[in-house]
Amino acid sequence: MFMAWPSLASATSSAGLVNNYNAYVLGHHAIADDKLGRAADYFAGALQSAPDNPELLRRTFDLAVAAGDEKLAVKIAQHLSKQDRFDSGATMVLVADAIKRRKWKTAGVLTERLKDAGFGSFIVPILDAWILEARGKTSRGLALLDPQTLDGFAQSYVQEHRAHLLMHERRYAEAALLYDQLLAGDEGRNVRIRIATAAAMQEDHRVAEAQERLDAASPHPGLPAAKAALAKGENIGGFPQNAREGIALLALRVAADLTRERPVPIALTMARIATFLAPQDASGWLLTAELLAQGQRFDSALAATRMVSESDVAAPVARGHAAAILSRLERNDEALKLLETAAGMPDATGEDHARYGDALQMAERFDDAANAYRRAIALDDGQGTSTWRLHYLLGSALEQGGKWPEAEVQLRKALSLAPKEASLLNYLGYALLDRGQSPKEARKLIETAHKLQPEDGYITDSLGWAQFRAGEHAAAVRTLEKAIASVPDDATISEHLGDAYWMIGRRLEARYRWKAALEAEPKPEQEARLKLKQDYGLDVALAEEQRESASRP
């Protein structure tokens with residue numbers, strides 16, 4: 001997440017840093033230990049000797065943001081704002097700080113600076129509109145938000161926040177129309193906007209339509225509460241109640257959109273701004289944790305997940321995030337214990353049991369995982385993990401635990417519920433193919449999955465392997481080369497490509513691919529097979545595999 005640090009030699013030669021060399025070095029040690037708050041303090045100490053050093057200011061700001069030290073982030077942002085170089089992240093932190101302190105004039109001056117940022121053309125009007133709303137001038141704010149002047153994702157930003165402000169003006173029918181337009185083609189995935197749409201329709205006395213929008217939504221932690229509120233005639237909510245919440249939501253969406261393809265530093269700043277403005281909203285903490293984890297800052301990511309209240313509807317999601325981070329830290333016992341405790345609570349949901357099952361499956365305790373998934377299915381109320389996915393997970397645990405007949409029943413049950421899920425189609429197809437069972441059906445399943453997700457390297461590998469098993473070796477090479485280009489370090493894909501190369505006479509390349517597979521940490525049984533192929537070739541390895549298979553009882 002952070003830029004490369006300058007060498008100590010170059011750093012200490014900067015004006016004023018020599019006097020605080022010790023703080024600078026200690027700061028780097030703290031970064032290496034993922035003690036970001038401590039590192040920020042050390043760098044802030046070093047700044048006392050070089051208060052205008054641009055590189056040190058920038059790094060201290062990044063560390064303060066990553067550590068969630070709002071006070072220090074604001075202080076350093078103020079220093080950065082006095083320098084000639086524009087910094088959108090620092091400016092956004094100052095905007096958020098001005099809004100928290102109700103300094104509306106200051107906030108307005110600061111948003112002017114953001115017009116030069118890449119996203120400024122559409123977020124500045126939204127920021128200004130919320131500032132006007134906070135000053136009791138919502139109508140003037142709405143005048144700034146005209147979605148028709150924009151297109152693409154920028155239009156959707158402006159349209160969403162115009163709808164939020166219309167809710168404040170009690171223009172519910174207009175708000176519902178704008179929200180509804182944002183749902184076009186979403187297939188139920190945009191649950192946050194669906195809840196807001198239902199809220200607008202509820203206020204417009206269109207309860208049946210509100211219920212339809214909620215019923216069509218994908219499972220989400222906030223959905224049961226929205227449905228319960230609608231049934232009781234209570235306000236659903238689901239839209240920002242004030243400028244702080246509105247701008248927090250804006251920052252959160254910018255952060256999520258910026259990281260859709262790859263993580264970028266400004267995204268973490270925007271996610272942290274969301275937590276500064278709306279610390280009660282779990283979404284900000286969860287995205288912050290995700291971005292910190294992407295930057296290998298696992299301890300800091302873990303701390304972010306713990307900021308979600310146990311009483312929050314998103315608490316189970318936070319526990320799942322925490323368990324995944326603990327696993328990345330190789331603290332697997334803690335991860336399992338966390339999820340086991342959650343699953344053992346009297347009010348445990350199907351989602352709690354499913355997450356516990358996921359952890360058990362990662363620990364290769366497949367029978368225990370299968371039992372957890374069975375409990376999840378028994379408790380499934382349609383609000384947590386989708387029912388098809390629970391059957392898929394159960395089938396996966398049974399298959400990996402060597403119980404194929406039972407696994408096949410569950411996988412086919414999942415497929416009957418979700419016939420267009422590419423990952424499921426691929427899993428069942430590959431499992432059948434691997435067992436030499438129903439080869440025509442297996443290939444059809446894999447081909448369907450590939451049509452749905454042609455860029456998925458693992459599905460492309462399955463297609464290549466189906467071609468190989470059908471004797472179409474040249475076609476298999478072409479397909480598997482595409483798979484390895486997408487997932488270059490996968491042991492199984494490398495092995496498959498090596499086998500295909502061998503069959504068309506490219507023996508040196510085959511051995512190179514098997515060597516690459518060995519270097520990709522294969523499982524023990526795969527490692528033994530790869531060594532045999534590399535030493536003696538595919539023919540001998542296949543003959544040995546057939547001999548061992550025939551000798552099994």
Side-chain angles (χ1 to χ4, degrees), residues 133 138-139 141-142 145-148 153 155-242 245-246 249-250 252-253 280-283 311-314 316-317 347 349-351 376-391 416-421:
E133 192 279 334
T138 308
S139 295
L142 280 167
L145 303 181
D146 182 2
Q148 301 307 315
F153 71 94
Q155 183 184 61
S156 71
Y157 271 84
V158 171
Q159 185 168 330
E160 176 186 339
H161 285 270
R162 179 173 175 80
H164 295 328
L165 289 174
L166 285 168
M167 292 291 286
H168 284 254
E169 286 280 272
R170 300 184 179 183
R171 293 159 62 178
Y172 303 123
E174 294 174 69
L177 179 62
L178 287 180
Y179 284 138
D180 229 11
Q181 290 171 354
L182 291 169
L183 297 177
D186 83 319
E187 297 181 349
R189 290 189 295 269
N190 196 344
V191 181
R192 182 175 58 79
I193 295 298
R194 282 190 172 273
I195 292 174
T197 308
M201 289 176 170
Q202 179 192 43
E203 295 288 359
D204 198 37
H205 308 293
R206 293 150 60 188
V207 175
E209 289 178 76
Q211 187 69 56
E212 287 176 8
R213 299 305 184 276
L214 295 179
D215 288 343
S218 299
H220 183 275
L223 197 57
K227 287 184 174 181
L230 182 64
K232 294 176 184 177
E234 299 172 355
N235 287 336
I236 293 174
F239 61 93
Q241 299 300 304
N242 51 50
E245 290 185 12
L249 187 61
L250 172 64
L252 197 60
R253 184 176 168 192
Q280 77 285 355
D281 187 346
S283 300
S311 61
D312 197 293
V313 293
V317 180
D347 59 348
T349 64
E351 189 76 13
I377 290 170
L379 289 169
D380 180 45
D381 57 4
Q383 304 304 325
T385 302
S386 303
T387 304
W388 73 267
R389 186 166 176 78
L390 290 173
H391 287 283
S416 70
L417 296 170
K420 293 185 179 180
E421 284 293 335

Please step through side-chain contact (heavy atoms from CB on, under 4.5 Å) for the pair V207 and M201, ending with a clear verdict.
CA-CA 6 Å; V207 175; M201 289 176 170; over 6 Å; no

Go through the steps to decide whether E160 and L249 satisfy the test side-chain contact (heavy atoms from CB on, under 4.5 Å), and finish with yes or no.
CA-CA 11 Å; E160 176 186 339; L249 187 61; 3.6 Å; yes

Should T349 and L379 be marked as a side-chain contact (heavy atoms from CB on, under 4.5 Å) after you check the CA-CA gap, both sets of side-chain angles, and the distance that decides it?
CA-CA 6 Å; T349 64; L379 289 169; over 6 Å; no

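Under 4.0 Å is where a charged nitrogen must lie from a carboxylate oxygen, and between D146 and R162 no such pair does. E212 has no carboxylate O lying under 4.0 Å from a charged side-chain N of R206, or vice versa, which leaves the two without a salt bridge.
Separating the CE atom in M167 from the OH atom in Y179 is a distance of 5.5 Å, to the nearest 0.5 Å. Put simply, CD1 on I195 and CZ on F239 are 12.5 Å apart, with the number rounded to the nearest 0.5 Å. To the nearest 0.5 Å, the span separating CD1 on I193 from CD on Q181 amounts to 12.0 Å. Residue R389 holds its CZ atom at 14.0 Å from CG of L417, rounded to the nearest 0.5 Å. To the nearest 0.5 angstrom, R171 atom CZ is 12.0 Å from L177 atom CG. Once rounded to the nearest 0.5 Å, the distance linking CD of E169 with CD of E133 reads 8.5 Å.
Distance alone, capped at 3.5 Å, places no donor-acceptor pair between the E421 side chain and the P419 backbone. Checking side-chain atoms of R213 against main-chain N and O of R194 turns up no donor-acceptor pair under 3.5 Å. Using a distance-only test at 3.5 Å, with no hydrogens or angles considered, no donor-acceptor pair links the side chain of T197 to the main chain of A176. Side chain of E245 to backbone of Q241: a donor-acceptor contact under 3.5 angstrom is found. Formation of a donor-acceptor pair under 3.5 Å by the D281 side chain with backbone atoms of S283 is found in this model. Although no hydrogens or angles enter the test, the distance criterion places no donor-acceptor pair under 3.5 Å between the side chain of H391 and the main chain of S416. In terms of modelled atom types and a separation under 3.5 Å, the side chain of Q202 and the main chain of I236 share a donor-acceptor contact. With Q159 contributing its side chain and L178 its backbone, the two residues share a donor-acceptor pair below 3.5 Å.
Residues A175 and A163 approach most closely at CB-O, 3.6 Å, considering heavy atoms. Heavy-atom minimum distance, G350 versus A376: O-CB, 3.3 Å. For the residue pair N190 and L182, the shortest heavy atom distance occurs at ND2-O, 4.4 Å. H168 and N242 make their closest contact through CE1-N, 4.0 Å (heavy atoms, listed as atom of the first residue, atom of the second, distance). The minimum heavy-atom distance linking V317 with P221 is given by the pair CG2-CG, 3.6 Å. Contact between A282 and A314 at its shortest, heavy atoms only, is CB-CB, 3.6 Å.
D204 has its side chain out of reach of E209: every pair of non-hydrogen atoms, C-beta onward, lies at least 4.5 Å apart.
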